[in-house]
Number of protein chains: 2
Amino acid sequence: MKRPPTMKDIAAELELSVSTVARSLADSPRISRETRARVMAAAERLGYVVDLAARAMRSGTSSIIGLIVPDIRNDFYSTAAKAIADCCQERGHQLVLAVTDDDPKLELEHLRNLRSARALGFIIIPSVTPAPETLRLMRATPHVQFVRHCAKVDSDWFGIEDDEAMRLAARHLIDLGHRRIAYIGSTVAISTGRDRLEGFRRTLQEAGIAIDDRLVKAGSCDTEFGFAAMQAILAEPQRPTAVVTAGARMSIGAYDCARAAGVAIPSELSFVGFSDSPTLRWCGNGLTTIALPVRELATASTDFLFRKAASDGQSERPCRVMLKPSLLQRGSTAVPQRVPEPA
Amino acid sequence: MKRPPTMKDIAAELELSVSTVARSLADSPRISRETRARVMAAAERLGYVVDLAARAMRSGTSSIIGLIVPDIRNDFYSTAAKAIADCCQERGHQLVLAVTDDDPKLELEHLRNLRSARALGFIIIPSVTPAPETLRLMRATPHVQFVRHCAKVDSDWFGIEDDEAMRLAARHLIDLGHRRIAYIGSTVAISTGRDRLEGFRRTLQEAGIAIDDRLVKAGSCDTEFGFAAMQAILAEPQRPTAVVTAGARMSIGAYDCARAAGVAIPSELSFVGFSDSPTLRWCGNGLTTIALPVRELATASTDFLFRKAASDGQSERPCRVMLKPSLLQRGSTAVPQRVPEPA
DNA sequence: CTATCTCGCGCAATCGATTGCGCAGATGAT
DNA sequence: ATCATCTGCGCAATCGATTGCGCGAGATAG
């Protein structure tokens with residue numbers, strides 16, 4: 001447990017001043033080749049590594065990047081985390097993982113922590129109802145809103161074209177001949193929930209299909225809600241021939257429920273899942289799903305954050321990048337077997 | 001982007017010395033109630049938070065805990081990460097996520113980074129072949145080996161009873177009547193791979209079943225290998241009636257392959273998966289799988305690491321905690337349809 | 001032969017929190 | 001009345017890296 005060596009140790013070893021050591025390591029031009037070489041060699045030999053705390057103190061900011069996610073077990077977020085971690089690693093930054101469970105209190109605490117650590121910036125999937133102080137802290141630090149968007153903070157936002165996602169799903173089902181389509185999504189309190197539902201609604205309207213509000217379920221975005229929503233939908237006297245889901249977790253729950261209820265997919269019910277993960281290829285004959293460009297989005301937002309932090313956070317108008325989702329057609333959707341009711 | 005306020009700002013505001021502010025915030029007894037209250041109020045009002053960099057510098061160590069994992073997208077590790085993140089949050093530590101992709105170079109780089117950050121300690125799932133310097137750095141910092149165990153570093157190890165895991169799987173299949181059982185696992189270069197295979201072998205031996213080495217596949221622990229291994233197994237002239245897998249990723253690949261090949265599960269082939277995740281309940285009639293006490297293990301190891309770091313890393317003999325896996329019986333295993341060959 | 005540069009390096013201050021030591025004033029004990 | 005305590009607070013040093021300034025020596029120009 002002895003402390004790592006410092007510049008002072010190198011300086012003592014070579015009978016140089018600490019300044020010279022510092023400048024050598026920083027590759028300053030005002031140092032002779034020979035001295036630099038000797039310093040480098042000694043640093044290597046002693047196993048010197050800079051003390052990031054000291055550097056952070058001097059510079060006023062650390063090299064820490066925060067990642068504030070509601071749930072790291074969610075495949076969507078862990079995929080994003082991987083991409084973000086890669087970016088950080090490439091540029092020698094530390095990635096601090098903060099999991100909120102969508103709890104505003106935890107979110108705030110993590111934000112305070114990152115501020116305490118003088119983080120360079122952070123990438124946040126904002127919780128549904130951020131605390132007032134959370135908003136204040138967000139405004140005080142360079143950051144990027146990821147996927148979800150909290151309109152109360154007018155900052156940069158990297159998201160998915162959520163309406164387009166549901167448009168794809170709905171269009172696919174309509175093209176197959178479905179007319180009675182249910183929707184299971186997350187609460188409209190979240191921007192993504194709102195936009196997805198909107199995309200669904202509009203696509204049906206454009207196709208001249210009336211929307212039965214009893215088939216539209218929007219609630220919390222966990223597996224349990226998905227299960228319950230599907231249960232309610234299956235209990236409808238006039239069942240839909242297809243369901244679209246607008247969230248990865250609830251998609252799992254809904255599918256689970258349908259299977260447990262013995263509903264045949266896709267013959268009795270076409271099912272469009274949300275987000276993609278290796279395991280989703282398995283479900284039945286594979287799950288038709290809306291795939292999101294997670295990696296690309298994560299990489300883009302991290303790059304952006306670095307640029308922003310480097311430029312001292314001076315971006316004029318907030319940047320807004322929306323990537324397009326795509327439809328992965330697999331075995332859980334098909335032409336409806338029951339003849340759709342006449343309008 | 002203005003800097004957060006410091007103790008100096010509070011001191012100036014109240015016309016006190018910085019020392020008094022520091023002691024007030026640290027709840028030192030040598031400060032009057034009134035002064036303390038005033039300081040607290042001012043700190044709150046100004047939005048003061050300690051500068052962790054400065055504190056780290058003073059104390060010689062930061063409050064950072066490193067988590068070095070091969071793959072954060074793996075459900076096993078992300079579940080562990082969640083539990084570890086919770087522990088860190090509770091105690092006000094920062095969790096730095098380092099993803100190695102099982103690459104010794106990245107592993108070393110992350111270890112250097114953590115050293116640079118003067119991390120309090122770290123939890124590591126060691127890569128297959130750690131670099132020599134990696135071993136040196138491990139010995140120099142308090143840490144816990146998680147799940148996998150690198151014998152070259154004689155440190156504390158929190159793992160799974162890997163042999164027991166495969167014993168459960170094999171026993172289950174044997175009890176169902178299977179006699180020709182294939183094994184798809186990770187390389188024996190990793191401790192867990194070795195132990196799992198050993199557990200499998202011994203259980204079959206104890207049941208008096210001869211092991212056909214052509215049905216034993218041990219390789220890299222990714223999805224692709226699982227797929228390839230299953231392919232090879234299905235190509236055997238005398239197919240097995242059951243397969244056990246000894247790794248989450250390869251389990252997915254293997255299952256995927258079997259399904260793609262049109263093998264009926266469990267009628268043609270009983271399949272025991274590895275590790276558990278919400279999505280695994282879906283596969284066909286659900287996947288019989290070996291569940292690991294990830295959360296418990298992660299929590300225990302994090303707690304241990306904190307205690308160890310607090311006691312200055314002075315633990316006499318390395319601690320070794322092994323938790324027991326369990327069998328989750330679902331729909332992918334059944335009594336074999338083909339009559340087993342006579343021995 | 002001197003004034004001016006440049007090169008290579010050292011001095012010292014700085015970032016913010018923490019802590020041993022010391023210094024007043026108040027209280028208590030003798 | 002006098003000294004020992006105790007209370008409440010300030011001074012100053014420290015942790016390690018970084019950087020503006022300056023200094024001496026050698027090189028170049030005038």
Side-chain angles (χ1 to χ4, degrees), chain A residues 1-40 42-43 46-64 92 112-113 115-120, chain B residues 1-40 42-43 46-64 92 112-113 115-120:
Chain A
M1 284 307 304
K2 62 182 177 318
R3 296 228 205 288
T6 68
M7 287 190 178
K8 199 188 283 184
D9 299 318
I10 299 179
E13 178 99 353
L14 301 178
E15 295 186 308
L16 286 173
S17 75
V18 180
S19 337
T20 303
V21 173
R23 275 188 263 258
S24 297
L25 293 172
D27 210 38
S28 154
R30 308 189 66 75
I31 297 291
S32 70
R33 290 165 173 279
E34 191 208 332
T35 304
R36 196 199 328 277
R38 289 206 309 146
V39 170
M40 294 303 202
L46 298 178
Y48 170 83
V49 281
V50 312
D51 185 322
L52 290 177
R55 174 178 287 176
M57 187 156 176
R58 191 60 170 56
S59 69
T61 170
S62 74
S63 50
I64 287 177
R112 280 220 185 89
N113 255 317
R115 184 175 170 80
S116 218
R118 304 295 188 263
L120 192 60
Chain B
M1 282 309 302
K2 62 182 177 322
R3 295 231 205 287
T6 70
M7 287 191 178
K8 198 188 284 184
D9 298 318
I10 299 180
E13 178 99 352
L14 302 178
E15 295 186 308
L16 285 174
S17 76
V18 180
S19 337
T20 302
V21 173
R23 275 189 264 259
S24 297
L25 292 172
D27 211 36
S28 154
R30 307 190 65 75
I31 297 292
S32 70
R33 289 162 173 280
E34 191 208 331
T35 304
R36 197 199 328 276
R38 290 205 307 148
V39 169
M40 293 303 202
L46 299 178
Y48 171 83
V49 282
V50 306
D51 185 322
L52 291 177
R55 174 178 286 176
M57 187 155 177
R58 191 60 170 59
S59 69
T61 171
S62 74
S63 51
I64 286 177
R112 281 220 184 89
N113 254 318
R115 183 174 171 81
S116 218
R118 303 297 188 262
L120 192 59

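Every chain is numbered from 1, with letters handed out A, B, ... down the list of sequences.
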Check whether the side chain of A/Arg38 and the base of C/dG8 form a donor-acceptor pair under 3.5 Å.
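Check fails, no donor-acceptor contact within cut-off.
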Look at all strands and tell whether [X] reaches a base, only sugar-phosphate, or nothing, counting heavy atoms closer than 4.0 Å.
X: A/Thr35; result: sugar-phosphate
X: B/Val18; result: base
X: B/Arg30; result: base
X: A/Thr6; result: sugar-phosphate

Out of [options], which has the shortest distance to the side chain of [X]?
X: A/Ala22; options: D/dT18, C/dT19, D/dC9; result: D/dT18
X: B/Arg23; options: D/dT18, D/dC11, C/dC9; result: D/dC11
X: A/Ser19; options: D/dC9, C/dA12, C/dA17; result: C/dA12
X: A/Ala54; options: D/dA17, D/dC9, C/dG16; result: D/dA17

Closest-nucleotide ordering on DNA chain D, the 5'-leading residue of B/Arg58 and A/Leu25
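With A/Leu25 and B/Arg58 compared, the 5'-side residue is B/Arg58.
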If the cut-off is 4.0 Å, is A/Ser32 near the phosphate of C/dC9, judged by side-chain N/O to OP1 or OP2?
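So the side chain of A/Ser32 is within the cut-off, an N or O lying under 4.0 Å from OP1 or OP2 of C/dC9.
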For C/dG10, take OP1 and OP2 only and decide whether either is under 4.0 Å from a side-chain N or O of A/Ser17.
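Answer is yes, contact under 4.0 Å.
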Any sub-3.5 Å donor-acceptor pair from B/Ser62's side-chain atoms to B/Ala56's backbone N or O?
no
Contact check, side chains of A/Leu16 and A/Arg38, non-hydrogen atoms, under 4.5 Å:
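Result yes, sub-4.5 Å side-chain heavy-atom pair found.
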Just verifying a value: how many Å separate B/Arg55 CZ and A/Met57 CE, rounded to the nearest 0.5 Å?
12.5 Å
